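Treat the numbers as computed from the prediction; the structure is a model and nothing was measured. In what follows, chains carry the letters A, B, and so on, assigned in the order in which the sequence lines appear, proteins first and then strands, with residues in each chain numbered from 1.
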Number of protein chains: 2
Amino acid sequence: MRLIQSKSIADQVEELLRGRIREGLYAPGSRMPSESELSDEMGVSRATVRTVLAKLAVNGLILRKQGDGTYVNAMMQKVSANLGNVWDFSYLIESNGFAPSIQPVVTESRIATEKEALALALEPGEKLLSLIRLFYADTRPVILARNVIPLSLVCVPIEQIDGRLHIRDILQNYCKKEIAFVITDIHSARAGADVAATLSKQPNDTILELEVSFFSDDSTPLVLGSNYFDDAVLRLSLVQAWT
Amino acid sequence: MRLIQSKSIADQVEELLRGRIREGLYAPGSRMPSESELSDEMGVSRATVRTVLAKLAVNGLILRKQGDGTYVNAMMQKVSANLGNVWDFSYLIESNGFAPSIQPVVTESRIATEKEALALALEPGEKLLSLIRLFYADTRPVILARNVIPLSLVCVPIEQIDGRLHIRDILQNYCKKEIAFVITDIHSARAGADVAATLSKQPNDTILELEVSFFSDDSTPLVLGSNYFDDAVLRLSLVQAWT
DNA sequence: TAGTGGTCTAGACCACTTG
DNA sequence: AAGTGGTCTAGACCACTAC
């Protein structure tokens, strides 16, 4: 196997194995080569192969049986997300079988509400960047994403901000910040008048509300988000390995 | 450090570190000892310490900074679950600040519906074990859990089944089966008449519906569950490390 | 019994942050 | 420059499963 040194060895092994599974070279339900065979074939240590296989197992892609072997999970076609990619709405829409697109609705600065100031650890009256975006599945609006970022973190004029980027990239490009961890509250809710209108729902329909906080590695809150998710159209479907 | 050989070394290290964090010996936000210090102190290899720290990091308990150190995450008090324990409803209720208890409502065998037969890969007309349980937070009913298991899997008389056990233990004790992975669909829903009555909700209130399938390591469906979750009382709050 | 995955070790080197 | 976490290796031994 040829390894190009730009990525880590483990990442390259992961990509290779994901590719072989995706393309059916390792067929659903079948047994994969053993750890030793893989490490021999790729010229890497068994430990490296094992870290990759462990990651794939957590994501539900493979099933490992001690004393037997490693099997490709045949159920993965049913699933739209694992916890590694829940916040990639475009990916979510795509794996539900639609073509994703993003429409920025509002990009403005304004004064933080009391609740926002509290959650973001801001002084009362401080300003923040408000981003409202609409995600489409094909031509149908399915997710309304409202995010706020303390304006003090933003280091470019707001006119330069590309509202179609992933929150991760917005923080990277415009704030020079990396996300360390995320806290998500999942609620059921009734579509308010404005949300209902935007998502083409009846004002009394139920939707999923995903309240998210992104934090940096010093536990500073970076972003506060309210995401309204039309779960009548889009399935939020998670896999997890059972320890 | 004394290691008792009944558990794996890694598990013991994990328990020790979780304890020190829980009891504030490693204070929230503070820097923990380095990997080398820990491996010296406990007499285990650095690799073993690292696998434990990696697990704690994924669960959001600690934050790791290359070139700097490992820090205790101060935000963990706000969170009720990580993906390792979402299906431990008792734990969920407890970490929301309530005393959990379980009330078995129905334990019976019946013919599978068409939808159930499909999901569980059963022949039409096959029987299954139906378990309905009610979880209380203090004295308030908060989760209605309806689970069905193919009767062919159950190897004890249904009178012997203890309806207060975790699904994991029910499968282990009465079916000799282990759960390999789980697929969960999260929906918002309106409380139907029966669910509303059981959970003391108005018939039009919104609730969370968690549709769950548990699978064995050969991808056989073991359990199908519909869990109605009163998210007005109980917060479903997840942490996740950001890759 | 042979082969699989699970656990653990000891040590090397690298990338990064802080003082 | 010193110390931290990140990556990787080579090899040992164990627990388990299938044949």
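- Comparing dG5(C), dC8(C), dG5(D) by their nearest atom to the side chain of Ser8(B) picks out dC8(C).
- Minimum atom distance to the side chain of Ser45(B) is reached by dC8(C), of the listed dT18(C), dC8(C), dT4(C).
- Ion pairing of Glu35(B) with Arg64(B) is present here, as a side-chain N (NZ or NE/NH1/NH2) and a carboxylate O approach within less than 4.0 Å.
- Taking atom CE of residue Met42(A) and atom P of nucleotide dA10(D), one finds them 16 Å apart after rounding to whole Å.
- Residues Ala47(A) and Glu37(B) both approach DNA chain D. Their nearest nucleotides, taken by heavy-atom distance, put Glu37(B) toward the 5′ side.
- Side chains of Ser90(A) and Asp88(A): no donor on one and acceptor on the other come within 3.5 Å.
- Here dC8(D) presents its C1' atom at 17 Å from CG of Leu38(A), a figure rounded to the nearest Å.
- Note: Phe135(B) and Phe89(B) have perpendicular aromatic rings, judged against thresholds of 30 and 60 degrees for the angle between ring planes.
- Remark on DNA chain C: of its neighbouring residues Arg31(B) and Thr48(B), the 5'-side contact belongs to Thr48(B), judged by nearest-heavy-atom nucleotide.
- Nearest to the side-chain atoms of Gln66(A) among the listed nucleotides dC8(D), dT4(D), dG6(C) stands dG6(C).
- Atom P of nucleotide dG11(C) and atom CZ of Arg50(B) are separated by 18 Å, given to the nearest angstrom.
- Residue Arg46(B) places its side chain closer to dT7(D) than to any other of dT7(D), dC16(D), dT7(C).
- Following rounding to the nearest Å, Ile9(A) (CD1) and dC13(C) (P) show an atom-to-atom distance of 15 Å.
- What separates CZ of Arg64(B) from P of dG3(D) is a distance of 19 Å, to the nearest Å.
- Ile62(B) has its CD1 atom 9 Å from the P atom of dG6(D), to the nearest Å.
- Protein atom CG of Leu53(B) is 16 Å distant from nucleotide atom C1' of dT7(D), rounded to whole Å.
- Using a 4.0 Å cut-off between charged nitrogen and carboxylate oxygen, Arg31(B) and Glu37(B) do not count as a salt-bridge pair.
- Ring geometry for Phe215(A) versus Phe181(A): interplanar angle under 30°, hence parallel rather than tilted (30 to 60°).
- Across all strands shown, Thr70(A) has heavy atoms under 4.0 Å from sugar-phosphate atoms exclusively, and none from any base.
- Remark: Ser36(A) is not in phosphate contact with dG3(C), judged by side-chain N or O atoms under 4.0 Å from OP1 or OP2.
- Where Gly67(A) and Gly69(B) each meet DNA chain D at their nearest nucleotide, the meeting point lying more 5' is that of Gly69(B).
- Between dG3(D) and Ser34(B), no contact under 4.0 Å exists linking OP1 or OP2 to a side-chain N or O.
- If you take OH of Tyr71(B) and P of dT4(D), they are 11 Å apart, rounded to a whole angstrom.
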